[in-house]
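Here the structure is a predicted model, which means the values were calculated and not measured.
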Amino acid sequence: MSGDESLTRRLPRCGTDLSIAAQTAHSLMIDTQRLKRFFKHLRYQVRRGTLPFRRRGFSSFNEEQLLNTYLRELLPKNHSRTLVDIGAGDGRTGSNSLALLKQGWKGLAVEYDDRKFSKLQDLYRRLPNAIASQNRVTPDNVLALLAEYQIEKQPTMLSLDIDSYDYLVLEKILSQFRPRLIITEINEKIPPPIKFMVNYDPDFVLREHFFGYSIAWLEELCAKHGYALIDLEYNNAFLAPKELAGSRALTAEAAYRKGYLERRDRREKFHRNENMEALHSLSPEDGVKFIRQFFAHVSDKYDISI
């Protein structure tokens with residue numbers, strides 16, 4: 001066999017080896033990028049943890065400060081100072097309510113998780129005007145629950161964050177109540193104009209990215225009940241009745257762009273959303289296809305449209 005023939009016989013193997021090497025290098029590059037994102041997020045958490053506690057208060061980001069601004073600017077000084085917090089957690093971590101309760105507000109906080117409720121209950125024992133209730137809130141029981149605790153028809157503030165069928169619970173509340181300000185968590189991964197909503201399921205289990213509803217569907221709910229979007233703080237939307245919102249009213253597109261998409265640090269703060277980042281470069285139609293494929297394992301448990 002000639003040297004040339006021998007070399008030719010060896011080329012395919014060489015090519016295969018190079019292909020494997022290239023694939024390995026690509027995998028290592030992806031893993032390195034993931035590690036960089038992880039440590040970047042870890043550094044952010046460390047920095048956040050060293051900030052003076054009083055600077056941000058109890059809320060996750062800037063919700064508490066925004067709420068104070070809207071309470072001051074939109075409501076009369078003699079407003080009732082009553083709040084409802086559904087999905088209150090432990091009452092402290094990421095709370096939009098605790099600072100107000102410490103100022104003497106009356107409030108009802110509802111939490112289902114045993115561990116979180118135990119902490120919530122301990123905390124509320126030191127707050128004479130606060131009531132803690134352990135319940136799994138659903139569209140079927142929320143009105144009865146609010147009636148049981150004699151919640152007024154126009155509470156000053158409603159905070160809703162149950163990581164499941166939030167849309168349907170809020171829709172039911174707005175059928176009989178008219179809070180002056182609402183803070184509700186959206187599924188920030190799903191951009192407008194895509195309308196996404198998790199359906200009611202008594203056996204709901206929280207899965208990766210599968211919870212809540214998109215800001216586009218929230219905009220539709222606002223129009224139905226005479227509310228306006230006035231702000232978005234990453235994944236928490238602020239709503240007010242249209243007669244109070246005035247010129248502050250925002251479209252879903254404008255709120256989403258200002259409050260989430262164009263925030264410089266959103267990919268650092270929401271690094272777990274990386275596997276859905278492609279949605280921001282797809283057309284709405286292709287975005288729907290992407291979501292249907294991503295949630296193929298729960299295809300009968302949500303609604304989606306444009």
Side-chain angles (χ1 to χ4, degrees), residues 57-59 63-88 91 95-111 120 124 127-133 135 137-162 165-186 213 215 217-233 236-250 255:
F58 304 101
S59 57
E63 293 89 348
E64 193 174 304
Q65 287 71 26
L66 288 171
L67 180 58
N68 286 333
T69 296
Y70 294 130
L71 288 171
R72 183 177 64 252
E73 294 181 356
L74 299 183
L75 301 184
K77 291 184 179 180
N78 62 344
H79 62 76
S80 65
R81 291 174 170 78
T82 301
L83 64 85
V84 177
D85 192 339
I86 299 176
S95 175
N96 298 319
S97 303
L98 184 55
L100 298 177
L101 293 170
K102 283 178 171 287
Q103 295 170 26
W105 282 48
K106 297 182 296 182
L108 168 66
V110 188
E111 176 57 44
L120 176 69
Y124 273 33
L127 299 169
N129 295 320
I131 300 172
S133 173
N135 277 282
V137 176
T138 73
D140 297 331
N141 69 12
V142 64
L143 294 181
L145 181 66
L146 297 179
E148 177 184 348
Y149 288 98
Q150 300 180 337
I151 300 300
E152 60 193 80
K153 292 297 184 180
Q154 289 189 343
T156 309
M157 194 271 283
L158 167 68
S159 180
L160 175 63
D161 179 1
I162 57 175
Y165 32 79
D166 301 53
Y167 177 96
L168 297 172
V169 170
L170 181 56
E171 182 179 43
K172 186 66 73 169
I173 292 172
L174 295 183
S175 70
Q176 293 190 20
F177 291 82
R178 194 165 180 78
R180 313 305 296 276
L181 285 170
I182 298 173
I183 306 176
T184 176
E185 185 185 47
I186 63 162
Y213 60 114
I215 196 170
W217 220 316
L218 175 59
E219 182 178 44
E220 186 172 285
L221 182 65
C222 285
K224 181 179 178 181
H225 291 280
Y227 275 78
L229 266 164
I230 58 174
D231 218 327
L232 179 68
E233 179 68 0
N236 276 306
F238 287 73
L239 319 177
K242 282 186 176 179
E243 64 271 18
L244 296 179
S247 61
R248 291 178 177 81
L250 299 170

Check: [Y] and [X] side chains under 4.5 Å, non-hydrogen atoms:
X      : Y      : value
Val169 : Thr138 : no
Tyr227 : Lys242 : no
Thr184 : Leu239 : yes
Leu229 : Phe238 : no
Thr156 : Trp105 : yes
Asn96  : Asp161 : no
Arg72  : Lys77  : no
Leu158 : Leu181 : no

If you round to the nearest 0.5 Å, how far is [atom2] of [Y] from [atom1] of [X]?
X      : Y      : atom1 : atom2 : value
His79  : Leu74  : NE2   : CG    : 10.0 Å
Ile183 : Tyr70  : CD1   : OH    : 10.5 Å
Leu98  : Gln103 : CG    : CD    : 10.0 Å
Glu185 : Leu170 : CD    : CG    : 13.0 Å
Leu145 : Asn135 : CG    : CG    : 5.0 Å
Lys172 : Asp140 : NZ    : CG    : 7.0 Å

>> What verdict does the side-chain contact (heavy atoms from CB on, under 4.5 Å) test give for Leu160 and Asp85, after you've listed the backbone C-alpha separation in whole Å, the side-chain angles of each residue and the deciding distance to 0.1 Å?
In response: CA-CA 6 Å; Leu160 175 63; Asp85 192 339; over 6 Å; no
Sub-3.5 Å donor-acceptor pair from the side chain of [X] to the main-chain atoms of [Y], do we have one?
X      : Y      : result
Arg178 : His225 : yes
Asn141 : Val137 : no
Glu64  : Phe58  : yes

> Side chains of Ser80 and Gln154: do they bring a donor and an acceptor to under 3.5 Å?
Replying inline: no
>> Would you say Asn236 and Glu63 are linked by a side-chain donor-acceptor pair, where the criterion is simply a distance under 3.5 Å?
In response: yes
> Hey, is Lys224 close enough to Glu219 for a salt bridge, meaning N to O under 4.0 Å?
Replying inline: no
> Checking side-chain contact (heavy atoms from CB on, under 4.5 Å) for the pair Val84/Met157: CA distance, chi angles, key distance, verdict?
Replying inline: CA-CA 6 Å; Val84 177; Met157 194 271 283; over 6 Å; no
Minimal non-hydrogen separation, [X] against [Y], with atom names:
X      : Y      : answer
Leu120 : Gly91  : CD1-CA, 3.5 Å
Ala109 : Tyr124 : CB-OH, 3.2 Å
Pro139 : Leu168 : CG-CB, 3.6 Å

> Taking atom CD of Glu243 as the centre, does the number of heavy atoms from other residues, nucleotides or ligands within less than 6.0 Å exceed 12?
Replying inline: yes
>> Checking Leu250 against Ile230 for the side-chain contact (heavy atoms from CB on, under 4.5 Å) test, could you report, in this order, the C-alpha distance in whole Å, the side-chain angles of both residues, the deciding distance, and whether it holds?
In response: CA-CA 6 Å; Leu250 299 170; Ile230 58 174; 5.8 Å; no
> Passes side-chain contact (heavy atoms from CB on, under 4.5 Å), Ile182 versus Ile173? Steps please.
Replying inline: CA-CA 11 Å; Ile182 298 173; Ile173 292 172; over 6 Å; no
